[in-house]
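Read through the structure below, which is laid out as structure tokens, and then see the notes.
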Amino acid sequence: MASESAPETASAELPGTAHGPAPSPAHHTHHTPHGRAAALRREQAVLAAVETGITGPEAPLVGLLDIAGIRSSAAALHAAFAAVTPAGTPVLHAFAVKAAPLVPVLRLLGEEGIGAEVASPGELALARAAGVRPEHTVLDSPAKTPAELREALALGIAVNADNPQELARIDALVASTPTGSPLGLRVNPQIGAGSIGALSTATATSKFGVALRDEGAREWVVRAYLDRPWLKRLHTHSGSQGVPLALMAEGVRTVHELAEEINATAGRQQIDTIDIGGGLPVNFSSDDETPGYADYARLLKETAPGLFDGRYGLITEFGRSLLAKHGTILARVEYTKSAGGRPIAVTHAGVQVATRTVYAPASWPLRVAAHDAKGRPKSGPAVAQDVAGPACFAGDLLAVNRELPMLEPGDYAVVLDTGAYYFAHHYAYNSLGRPAVYGFAAGEDGVRFVVVREAQTVAEIVAEAGGAHRDALLPE
Ligand SMILES: *Cc1c(COP(=O)(O)O)cnc(C)c1O
């Protein structure tokens with residue numbers, strides 16, 4: 001691990017040793033041994049984070065990542081697809097970098113045999129900084145510039161064209177310079193929406209891919225492949241959080257059928273690899289990882305058995321399901337107050353780290369656990385209260401009217417399941433700084449923390465806000 005910041009170690013006593021029995025996370029629900037183990041590791045880490053000063057009055061907001069949890073999700077993903085494919089089937093799991101764009105995370109996943117799905121020059125640079133190999137990288141953005149396409153083809157990374165205009169650009173590049181990049185086309189099976197419109201990628205009018213059911217589209221796609229013997233992959237990503245598993249599987253079935261049709265028409269196995277995208281939904285209401293990769297892989301095999309007979313290589317692009325359960329936000333309660341009879345805890349976590357939850361609370365509810373000033377889970381009667389963030393607008397609330405043990409100044413609001421699309425996705429409202437992110441390993445001899453990302457400094461905030469161009473708008 002060469003590229004990440006220097007590890008910082010801080011050890012803390014196990015809650016089961018010096019502090020008596022380990023606290024029972026009774027206020028969380030977990031029905032599986034796996035979920036319970038993850039909850040216990042998290043509780044150890046929260047205690048240790050407070051005890052070692054990783055969080056406290058001067059660092060009232062941090063993100064934590066459970067290294068063992070990430071590893072176990074990676075292993076579960078490998079096992080799930082190994083169980084439904086014949087030995088020797090090429091399967092590449094490419095992590096959707098947008099879910100946790102952090103170099104050490106990409107490096108850890110790389111160590112676990114997971115590649116990277118990238119969708120911007122920045123994401124590609126992160127994957128390269130993490131040492132992800134070109135043959136384990138897939139580029140999927142809907143708005144690739146000529147320069148991005150040239151770079152990708154020069155590196156030999158896989159590219160999925162989004163639309164006919166992009167395919168025409170790739171035609172020109174392929175004609176002028178040979179490339180080792182595996183090339184494909186993204187199609188939209190138009191299977192319909194899930195419960196979250198903004199994340200439903202396969203509606204009739206989705207902006208992604210070639211809309212397969214539109215008039216003439218299917219014929220166009222088949223012809224596009226026949227005209228391009230080098231076009232060998234098909235790609236779809238038919239949903240994310242909120243799309244039912246069966247609907248996603250239906251999208252994959254449609255794409256497999258299309259591959260069979262193209263291959264039959266071509267009279268050879270032109271399409272050798274199908275990229276089924278990501279989108280496994282995450283359970284945000286308990287510590288259990290349900291549904292699991294094994295459930296989805298089994299359903300896919302039932303729905304499209306021919307995709308798993310060994311004739312096709314497979315690519316997956318899971319994001320949220322690999323990271324979400326393994327991230328935790330610790331937000332110190334600065335003040336408490338009451339308004340209109342409603343208790344309010346003013347914390348340091350709001351829209352800057354939980355943007356989706358704050359702007360679309362009905363779609364993105366998060367579990368919040370109350371911990372005391374020493375990081376211990378609070379008990380006591382549940383009181384309906386608001387958990388507010390630090391930003392200056394009234395809607396900056398992590399939880400509204402949530403029943404929790406009464407939060408007090410100096411306590412911590414522990415925000416669960418925030419490893420994907422939360423603290424890694426900073427939103428700079430009110431110039432609130434990006435929090436530090438630590439990885440943790442919880443073991444028999446305590447909890448070890450490593451720096452994944454430093455907290456943003458106030459000087460960096462000024463620099464990023466044009467600090468070097470102070471007089472730029474003044475008259476000469
Ligand atoms: C966002 C995205 C993914 C990952 O989706 P998750 O719901 O996080 O698994 C995969 N592929 C593409 C093309 C995406 O845009």
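Because the structure is a prediction, the values reported are computed rather than measured. The figures that follow rest on heavy atoms only: side chains count, while hydrogens, waters and symmetry mates do not. Just so you know, ligand 1 is whichever comes first in the structure, and atom 1 is the first atom listed for that ligand.
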Check against side-chain contact (heavy atoms from CB on, under 4.5 Å), T347 and Y412 = CA-CA 8 Å; T347 80; Y412 289 88; over 6 Å; no

Nearest-contact summary for [atom] - protein heavy atom, Å:
{"atom": "atom 1 (C) of ligand 1", "answer": "K98 NZ, 1.3 Å"}
{"atom": "atom 10 (C) of ligand 1", "answer": "E317 O, 3.0 Å"}
{"atom": "atom 7 (O) of ligand 1", "answer": "S240 OG, 2.7 Å"}
{"atom": "atom 8 (O) of ligand 1", "answer": "Y421 OH, 2.6 Å"}

Point to revise | G279 near ligand 1 by a heavy-atom separation under 4.0 Å | key: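 Yes, G279 has heavy atoms under 4.0 Å from ligand 1.
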
message = Just to check, does F208 reach to within less than 4.0 Å of ligand 1 when the distance is taken from its heavy atoms?
response =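 It does not; every heavy atom stays at 4.0 Å or beyond.
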
- Query: Quick check, are the ring centers of Y312 and H256 under 6.0 angstrom apart?
  - Reply: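 Yes.
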
key: F318/H93 aromatic ring centres below 6.0 Å   =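 No, they do not, as the ring centres are separated by 6.0 Å or more.
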
Purely on distance, is any nitrogen or oxygen of [X] under 3.5 Å from one on ligand 1?
{"X": "G319", "answer": "yes"}
{"X": "G278", "answer": "no"}
{"X": "R186", "answer": "no"}

Could you check whether any side-chain heavy atom of Y225 comes within less than 4.5 Å of a side-chain heavy atom of L185, counting everything from C-beta outward?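 Yes, their side chains come closer than 4.5 Å.
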
### Message
Within the 3.5 Å criterion, strictly below it, is a donor on D140 or N160 matched to an acceptor on the partner's side chain?
### Response
yes

Pair K98 + E317: basic N to acidic O under 4.0 Å |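 A salt bridge is absent here (no side-chain N lies under 4.0 Å from a carboxylate O).
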
Near [X], which atoms of ligand 1 are under 4.0 Å from a heavy atom of that residue?
{"X": "D140", "result": "13 (C)"}
{"X": "R320", "result": "6 (P), 7 (O), 8 (O), 9 (O)"}
{"X": "F318", "result": "9 (O)"}

If you compare M248, H237, H235 by their heavy atoms, the one closest to atom 12 (C) of ligand 1 turns out to be H237

| request: Assess whether ring pair (Phe, Tyr, Trp, His ring centres under 6.0 Å) is satisfied between H237 and F208, documenting all intermediate values. | output: CA-CA 9 Å; H237 168 60; F208 292 112; 7.7 Å; no

- Task: Using the side-chain contact (heavy atoms from CB on, under 4.5 Å) rule, take T355 and Y421 through it: C-alpha gap first, then chi angles, then the decisive distance, then the call.
- Result: CA-CA 9 Å; T355 315; Y421 303 98; over 6 Å; no

Quick check: are there more than 12 heavy atoms from other residues, nucleotides or ligands sitting under 6.0 Å from NZ of K301? yes

